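One structure is given below, encoded as structure tokens.
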Amino acid sequence: MKIGELLQKFRLEQGKTRKEFASDVISPSYYCKIEKGSHRVSAEDLIELLKRNNIRLSDFFGMFDSQDLAKQLNLFHEMIVAAHYNGDKDSLKKIPNLIERSLLPEEVKKEQILIARGYLEIDKSSTEPVNWKLREQLREKVFNFPNWNEEKLTLFCNLMPLYDCFSVNLIVQDILKEYKPPFSKELKRILLGIICNNLFLKLKIGEYEGIDMLVTIADAIPSSPDLVFYKNNIIFYKNMALYKNSNATKYLKNCQKAIEICAWLGMETYAQHMSEFLEG
């Protein structure tokens with residue numbers, strides 16, 4: 001069964017109207033279109049719908065049919081990323097078990113579980129032990145791809161915090177030499193993500209060499225609504241570097257504005273992490 005059909009099945013079993021089932025998570029009219037398959041539902045809204053209606057995630061994700069596996073895979077990815085950026089470790093810890101109980105092919109399951117565990121490794125506090133074996137498996141996963149393509153770039157971008165800054169600098173230089181504008185819409189997003197992560201790792205250890213070059217490349221990529229998050233992060237990292245070097249108040253204020261924008265966009269937890277990083 002597909003997502004909309006599954007939601008309808010659980011709703012009818014509970015004897016609820018669409019309005020009752022949608023609660024205040026999404027509008028009844030939008031929910032109706034999800035059931036009919038004409039609109040998609042975000043992972044965040046889907047999880048909230050299931051929680052409000054007392055439906056276990058494992059029960060829901062265990063009932064997808066083979067024709068809807070691509071959507072299920074995309075939902076797992078959205079769930080992983082959302083939990084990571086919201087600092088929701090409890091939800092992130094549950095995802096590998098959900099993937100294991102899904103109908104995804106075994107090889108795909110193994111890969112997705114490895115990636116989910118990678119995000120858990122990234123989100124560890126400084127007091128938690130490092131899983132060096134897992135980190136090595138994840139690094140090997142990236143370089144199992146023979147060439148830099150969008151899939152390999154995305155995987156590297158997601159796992160960059162597991163690399164040391166020196167290695168990241170070399171790999172990013174190699175990537176930026178290979179890819180020149182004009183970029184596709186998806187490639188713009190990936191490259192900006194890679195630059196953001198590289199800037200984060202540099203600032204984390206107080207390395208300022210090469211920051212101007214990365215910012216210049218990022219600034220040359222035209223802005224668009226889907227790139228707002230990345231562009232805002234570039235502004236934050238650029239001004240944080242300038243503030244750390246000059247202690248000028250104007251750069252600190254620019255950083256604080258970038259943090260406020262992130263909070264206004266509904267990413268309060270991520271904004272808090274930015275604030276802590278700035279103060280650290």
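Owing to the predicted nature of the structure, the values given are computational and were not obtained by experimental measurement. Only this structure's heavy atoms are used, side chains among them; waters, hydrogens and symmetry mates stay out.
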Check the surroundings of atom NZ in K244: do more than 12 heavy atoms from other residues, nucleotides or ligands lie under 6.0 Å from it? yes

Given K93, R135, K133, the one that forms salt bridge (charged side-chain N to carboxylate O under 4.0 Å, His left out) with E121: R135

Take E5 and E35 through the side-chain contact (heavy atoms from CB on, under 4.5 Å) test and state the conclusion after the steps. CA-CA 6 Å; E5 294 170 339; E35 278 198 1; over 6 Å; no

Identify the heavy atoms of K16 and F21 that sit nearest to each other, and give their distance. CD-CD1, 4.2 Å

For N158 against I122, the heavy-atom pair lying closest together: O-CD1, 3.3 Å

Is the shortest side-chain N to carboxylate O distance from K9 to E13 below 4.0 Å? yes

S29 side chain near K33 side chain, heavy-atom distance below 4.5 Å: no

Closest non-hydrogen atom pair, R117 against P96: CG-CG, 4.5 Å

Atom NZ of K51 and atom CD1 of I47: how far apart are they, to the nearest 0.5 Å? 6.5 Å

In this structure, are over 12 heavy atoms from other groups packed under 6.0 Å from F166 atom CZ? no

Could you go through Y163 and F156, starting from their C-alpha distance and side-chain angles, then the distance that decides it, and tell me whether this counts as ring pair (Phe, Tyr, Trp, His ring centres under 6.0 Å)? CA-CA 10 Å; Y163 291 73; F156 171 66; 5.5 Å; yes

E111 and side chain to side chain contact (heavy atoms under 4.5 Å, CB included): which single residue from V108, I113, I115, L114 fits? I115

Check this for me: D174, atom CG, are more than 12 non-hydrogen atoms of other residues, nucleotides or ligands nearer than 6.0 Å? yes

With hydrophobic residues grouped by side-chain heavy-atom distances under 4.5 Å, do V130 and L120 end up in a single group? no

Evaluation steps, side-chain hydrogen bond (donor to acceptor under 3.5 Å, both in side chains), between N233 and Y270: CA-CA 11 Å; N233 271 6; Y270 189 79; 2.8 Å; yes

N-O pairing of K202 and E209 below 4.0 Å: no

Side chains of L252 and M240, heavy atoms from C-beta outward: is any pair under 4.5 Å? no

From L92 atom CG to Y119 atom OH, the distance as rounded to the nearest 0.5 Å: 9.5 Å

If you count every heavy atom of other residues, nucleotides or ligands that lies below 6.0 Å from K124 atom NZ, does the total exceed 12? yes

Is it possible for you to say whether I217 and L170 belong to one hydrophobic cluster, with membership spreading through side-chain heavy-atom contacts below 4.5 Å? no

Take F10 and N53 through the side-chain contact (heavy atoms from CB on, under 4.5 Å) test and state the conclusion after the steps. CA-CA 9 Å; F10 281 104; N53 292 285; over 6 Å; no

Indicate if L265 and L278 have the same hydrophobic cluster label, given that clusters are the connected sets of ILVMFWY residues with side-chain heavy-atom separations under 4.5 angstrom. no

Heavy-atom closest pair, residues L138 and G118: CD1-CA, 3.4 Å

Decide yes or no for K250 and Y243: does some side-chain heavy atom of the first lie under 4.5 Å from some side-chain heavy atom of the second? no

Of all heavy-atom pairs between N232 and A258, which one has the smallest distance, and what is that distance? ND2-O, 2.9 Å

Is the shortest heavy-atom distance from the side chain of Q137 to the side chain of L134 under 4.5 Å? yes

Side-chain donor or acceptor of S23 paired with backbone N/O of V25 under 3.5 Å: no

Begin with the C-alpha distance, continue with both residues' side-chain angles, and end with the deciding distance and a verdict on side-chain contact (heavy atoms from CB on, under 4.5 Å) for F277 and L203. CA-CA 9 Å; F277 185 55; L203 288 167; 3.8 Å; yes

When clusters are formed by joining ILVMFWY residues with side-chain heavy atoms under 4.5 Å apart, either directly or through shared neighbours, do Y230 and I235 land in the same one? no

Quick check: do I55 and Q14 have side-chain heavy atoms less than 4.5 Å from each other? yes

Minimum side-chain heavy-atom gap K238-D219 below 4.5 Å: yes

More than 12 heavy atoms of other residues, nucleotides or ligands under 6.0 Å from NZ of K188: yes or no? yes

Looking only at atom types and distance, does a side-chain atom of N149 sit under 3.5 Å from a main-chain N or O of E151, one as donor and one as acceptor? yes

Rounded at 0.5 Å granularity, tell me how far CG in L7 sits from OH in Y31. 4.5 Å

Identify the heavy atoms of E20 and G15 that sit nearest to each other, and give their distance. OE1-O, 4.3 Å

Say you draw a straight line from CD of E260 to OG of S275; how long is it, rounded to the nearest 0.5 Å? 10.5 Å

Could you walk me through whether R139 and E136 pass salt bridge (charged side-chain N to carboxylate O under 4.0 Å, His left out), step by step? CA-CA 5 Å; R139 287 192 281 260; E136 185 58 33; 3.6 Å; yes

Could you verify whether a donor N or O on one side chain and an acceptor N or O on the other, from D164 and S167, lie under 3.5 Å apart? yes

Hey, does F60 have a side-chain heavy atom less than 4.5 Å from the side chain of L46? yes

Would you confirm whether N198, through its side chain, and I194, through its main-chain N or O, come within 3.5 Å as a donor-acceptor pair? no

Can you tell me how far apart CG (N254) and CG (L242) are? Round to the nearest 0.5 Å. 9.0 Å

Begin with the C-alpha distance, continue with both residues' side-chain angles, and end with the deciding distance and a verdict on ring pair (Phe, Tyr, Trp, His ring centres under 6.0 Å) for W148 and Y179. CA-CA 10 Å; W148 285 111; Y179 288 93; 8.1 Å; no

Is any side-chain heavy atom of E268 closer than 4.5 Å to one of C262? no

Is it the case that one hydrophobic cluster holds both F229 and L153, taking links as side-chain heavy atoms less than 4.5 Å apart, direct or via other members? yes

Cationic N near anionic O, under 4.0 Å, R189 to E186: yes

Does this structure show an ion pair linking E128 with K89, if we count only N-O contacts that are shorter than 4.0 Å? yes

Carboxylate-amine/guanidinium contact R52 E48, below 4.0 Å: yes

When you look at NZ of K109, are more than 12 heavy atoms from neighbouring residues, nucleotides or ligands closer to it than 6.0 Å? yes

For the atom pair NE2 (H77) and OG1 (T154), what is the distance rounded to the nearest 0.5 Å? 7.5 Å

So does C157 get a backbone contact from the side chain of N197, meaning a donor-acceptor N/O pair under 3.5 Å? yes

If you count every heavy atom of other residues, nucleotides or ligands that lies below 6.0 Å from K19 atom NZ, does the total exceed 12? no

